[in-house]
Amino acid sequence: LEKDNVEDTEDRTKPDVENIDKRAGELMSDFNSQVFPPDYDIPTECKKPDYKKAITLVQNKYREGTLSKISVADLRLYCKGVRIKIASNAKKSRTFWRQSKKFLG
């Protein structure tokens with residue numbers, strides 16, 4: 001720790017792409033061509049949950065009086081959006097509705 005000159009070390013955590021491509025490049029390209037169609041585009045971005053949309057949906061359904069027709073997934077998104085903590089095994093029950101109605105405007 002008190003050395004002025006630090007030794008250069010080889011980073012062994014990075015994969016040796018050139019060697020991998022040399023050894024298995026042809027097999028990997030054959031596998032990819034068999035599994036994926038030629039026009040397949042690999043998705044680069046993951047969709048993030050749209051909390052604002054879920055909040056608006058739940059509030060509209062509450063005003064219309066059709067809150068019971070909302071899916072559990074939408075209710076979970078709503079609760080995360082307004083920062084209500086819910087149990088992972090929460091069902092659409094009266095307790096859940098009462099807790100949610102407190103925060104609906």
Side-chain angles (χ1 to χ4, degrees):
L1 293 174
E2 296 178 10
K3 294 182 181 180
D4 291 332
N5 296 331
V6 179
E7 298 176 15
D8 288 337
T9 57
E10 182 181 347
D11 186 5
R12 295 182 183 262
T13 60
K14 293 182 182 179
D16 186 6
V17 178
E18 293 175 8
N19 197 16
I20 292 171
D21 194 35
K22 187 189 315 179
R23 288 183 174 186
E26 188 175 326
L27 293 172
M28 288 190 306
S29 62
D30 289 344
F31 174 79
N32 285 337
S33 65
Q34 290 176 5
V35 173
F36 301 110
D39 59 341
Y40 180 75
D41 186 26
I42 299 171
T44 56
E45 292 183 14
C46 294
K47 276 189 157 183
K48 293 185 178 179
D50 191 2
Y51 297 117
K52 290 181 181 180
K53 186 177 178 181
I55 291 170
T56 305
L57 174 74
V58 171
Q59 288 176 343
N60 289 341
K61 293 291 184 180
Y62 176 70
R63 286 187 195 108
E64 295 169 3
T66 57
L67 197 57
S68 62
K69 297 189 182 209
I70 293 178
S71 68
V72 175
D74 287 333
L75 283 172
R76 288 185 186 280
L77 274 177
Y78 168 78
C79 288
K80 284 185 180 180
V82 295
R83 298 187 178 171
I84 298 173
K85 290 188 178 185
I86 57 170
S88 62
N89 61 350
K91 305 274 191 261
K92 286 168 67 172
S93 65
R94 291 179 188 258
T95 310
F96 187 76
W97 294 117
R98 286 181 189 156
Q99 184 180 8
S100 298
K101 286 181 184 180
K102 290 179 192 175
F103 297 96
L104 291 169

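Taking CG of Leu77 as the start and CD1 of Ile70 as the end, the distance is 11.5 Å to the nearest 0.5 Å. Here CG of Asn32 is found 10.5 Å from OH of Tyr40. Values are rounded to the nearest 0.5 Å.
Side-chain contact between Gln59 and Arg63 is present, with heavy atoms from C-beta onward closer than 4.5 Å. By the 4.5 Å heavy-atom criterion applied to side chains, Lys61 and Asp74 are not counted as neighbours.
Leu57 and Tyr78 fall into different hydrophobic clusters, where Ile, Leu, Val, Met, Phe, Trp and Tyr side chains are chained together by heavy-atom contacts under 4.5 Å. Taken together through direct or relayed side-chain contacts under 4.5 Å among Ile, Leu, Val, Met, Phe, Trp and Tyr, Tyr62 and Leu75 form part of one hydrophobic cluster.
Around CD of Glu26, the count of heavy atoms belonging to other residues, nucleotides or ligands within 6.0 Å does not exceed 12. Under a cut-off of 6.0 angstrom, the local environment of CG in Asn5 is sparse, with at most 12 non-hydrogen atoms contributed by other residues, nucleotides or ligands.
In this view, Asp39 satisfies the side chain to side chain donor-acceptor pair (under 3.5 Å) rule with no residue, not counting sequence neighbours.
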